[in-house]
Amino acid sequence: MHKKLLRCFVLAVSLFAVSGCGIIDMIYLPPAEDTAQEIFEAANDAMSEKNYVRAVELYNKLRDAYPFSPYTIDAELSLGDAYFLDEEYELAAETYKDFESLHPRHEAIPYVLYQTGMSLMKQFRSIDRATTELQEAYDYFNRLSQMYPDSPYAKGAEEHMHTCRKLMAEHELYIADVFWHMKKYGPAWRRYEFIMENFKDVPEVAEHAKEKSLAAYHNYREEQAAETREKRQGSWREWFTWL
């Protein structure tokens, strides 16, 4: 009888120990990590829902946790798209540039060049700001047009090249007009001349600059003549004062 009770006690303790280990594991062991595929699919779902902040978080998580996963390259490209769609154009441009640097022979490079150009072009806000990003955007669109002329993105790139050039020309015209309104006709004339020489591919701006250049030059010459007369008159006054 006592032996039977002892066996039952030992069995109960053993069962409790086994179940207890399971409970301890549930409490103290970390949960299983999501797989690369699960993270990628969750990120794509976030993109579909236009939750770009969440998508960025998940694509970055996949890239950092699984750098050699077959999903990682697609995640790196989609990360640029998520930034772009969230209007984080500076981060988008940097991400697309990184992708090209890491995967220069990838089949998506024409798209990457196009999106890099778009990200740079969209950083331009108004004609009174510097045109550094516009020039860089033009260079990317031009590379795409030259290297991948048969790409479905080539036609759009050429159109955007003209847009970049037009905006750059309008920026130069804005500066020239500022000089004009300040009555600094010499700098205004030189700026109009610069536009005529360097933006012949934007005829509507170049023609306007030509008209303003003639007027600015005329006023500039009159200023110079007035300054010359004033100097001469000043010299004569000094001469008579000395006498």
Side-chain angles (χ1 to χ4, degrees), residues 52 77 79-101 104 108-221:
Y52 303 122
L77 181 56
L79 177 62
D81 293 340
Y83 280 131
F84 184 85
L85 292 170
D86 200 31
E87 299 183 1
E88 295 284 355
Y89 298 122
E90 186 174 349
L91 290 172
E94 292 175 2
T95 304
Y96 289 129
K97 289 177 183 179
D98 287 344
F99 185 92
E100 184 193 2
S101 178
I109 290 301
Y111 171 76
V112 170
L113 294 175
Y114 181 83
Q115 284 297 101
T116 306
M118 290 297 297
S119 300
L120 290 164
M121 188 171 70
K122 285 183 175 292
Q123 291 180 50
F124 181 73
R125 299 300 179 188
S126 61
I127 59 172
D128 61 332
R129 302 293 181 89
T131 59
T132 306
E133 289 82 9
L134 279 178
Q135 181 60 59
E136 191 177 1
Y138 176 90
D139 293 340
Y140 271 92
F141 290 134
N142 190 42
R143 279 182 58 202
L144 171 57
S145 179
Q146 295 295 322
M147 295 172 62
Y148 304 97
D150 298 326
S151 165
Y153 303 101
K155 183 178 179 181
E158 291 176 359
E159 293 173 356
H160 292 312
M161 285 167 64
H162 178 73
T163 299
C164 289
R165 290 288 293 170
K166 187 173 185 294
L167 290 171
M168 286 189 283
E170 289 175 350
H171 169 75
E172 295 296 332
L173 187 62
Y174 169 81
I175 295 174
D177 287 342
V178 168
F179 284 130
W180 171 273
H181 292 302
M182 293 174 66
K183 296 184 178 181
K184 295 184 176 182
Y185 298 116
W189 164 60
R190 295 184 188 93
R191 206 79 183 202
Y192 290 131
E193 288 285 306
F194 175 84
I195 296 168
M196 290 166 54
E197 290 297 321
N198 292 277
F199 291 95
K200 294 177 182 178
D201 56 322
V202 191
E204 62 272 28
V205 176
E207 285 297 319
H208 179 70
K210 182 178 180 180
E211 294 176 5
K212 296 297 291 286
S213 173
L214 294 172
Y217 182 72
H218 174 75
N219 290 344
Y220 173 57
R221 294 294 293 171

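Numbers here are sequence positions counted from 1.
When the shell of 6.0 Å around NZ of K184 is examined, it contains 12 or fewer heavy atoms from other residues, nucleotides or ligands. Atom CD of E204 has more than 12 neighbouring heavy atoms from other residues, nucleotides or ligands inside a 6.0 Å radius.
Side chains of N219 and W180 form a contact here, defined as non-hydrogen atoms less than 4.5 Å apart. The side-chain heavy atoms of R165 and M161, taken from C-beta on, include no pair separated by under 4.5 Å. Considering only heavy atoms from C-beta on, W189 stays 4.5 Å or farther from R221 through its side chain. Contact annotation: the side chain of Q115 never approaches that of Y83 to less than 4.5 Å [non-hydrogen atoms, C-beta and beyond].
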Under the side-chain hydrogen bond (donor to acceptor under 3.5 Å, both in side chains) rule, what do Y52 and D81 come out as? Steps first, then yes or no, please. CA-CA 9 Å; Y52 303 122; D81 293 340; over 6 Å; no
Test side chain to side chain contact (heavy atoms under 4.5 Å, CB included) on L79 and F99; report intermediate values, then the result. CA-CA 10 Å; L79 177 62; F99 185 92; over 6 Å; no
Run H160 and Y114 through side chain to side chain contact (heavy atoms under 4.5 Å, CB included) and show every step you take. CA-CA 10 Å; H160 292 312; Y114 181 83; 3.1 Å; yes
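Considering all non-hydrogen atoms of both residues, Y185 and A216 come closest at CB-O, 3.6 Å. Closest non-hydrogen pair, A154 versus P149, comes out as CB-O, 3.5 Å. When all heavy atoms of S151 and P110 are compared, the closest pair comes out as OG-CB, 3.6 Å. Smallest separation of non-hydrogen atoms from A206 and M196: O-CG, 3.9 Å.
The backbone N or O of F141 sits nowhere less than 3.5 Å from a side-chain atom of S145 that would complete a donor-acceptor pair. Judged by distance alone, the side chain of T116 and the main-chain N or O of V112 form a donor-acceptor pair under 3.5 Å. At least one donor-acceptor pair under 3.5 Å links the side chain of N198 to the backbone N or O of F194. Side-chain atoms of Y96 come within 3.5 Å of backbone N or O of G80 as a donor-acceptor pair.
The CD atom of E193 lies 8.0 Å from the CG atom of L214; values are rounded to the nearest 0.5 Å. One finds the NE2 atom of H208 at 7.0 Å from the CD atom of E211 (value rounded to the nearest 0.5 Å). Note that CG of L120 is 7.0 Å distant from OH of Y140, once rounded to the nearest 0.5 Å. One distance of note links CG of L144 with CD of E158; it measures 8.5 Å at 0.5 Å rounding. To the nearest 0.5 Å, atoms CZ (F84) and CG (D86) are separated by 11.5 Å. A distance of 5.0 Å separates CG in L134 from CZ in F124, rounded to the nearest 0.5 Å.
By the 6.0 Å and 45° rule, R190 stacks over the aromatic ring of Y220.
Under the side-chain hydrogen bond (donor to acceptor under 3.5 Å, both in side chains) criterion, E133 pairs with no residue, sequence neighbours left out.
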Pairs under 3.5 angstrom only: tabulate donor-acceptor contacts from the side chains of residues 166-177 to other protein residues two or more places apart or in another chain.
{"from": "K166", "atom 1": "NZ", "to": "E170", "atom 2": "OE2", "distance (Å)": "2.5"}
{"from": "H171", "atom 1": "ND1", "to": "I127", "atom 2": "O", "distance (Å)": "2.6"}
{"from": "H171", "atom 1": "ND1", "to": "R129", "atom 2": "O", "distance (Å)": "3.0"}
{"from": "E172", "atom 1": "OE1", "to": "R191", "atom 2": "NE", "distance (Å)": "2.8"}
{"from": "E172", "atom 1": "OE1", "to": "R191", "atom 2": "NH2", "distance (Å)": "2.9"}
{"from": "D177", "atom 1": "OD1", "to": "Y192", "atom 2": "OH", "distance (Å)": "2.5"}
{"from": "D177", "atom 1": "OD1", "to": "K212", "atom 2": "NZ", "distance (Å)": "3.3"}

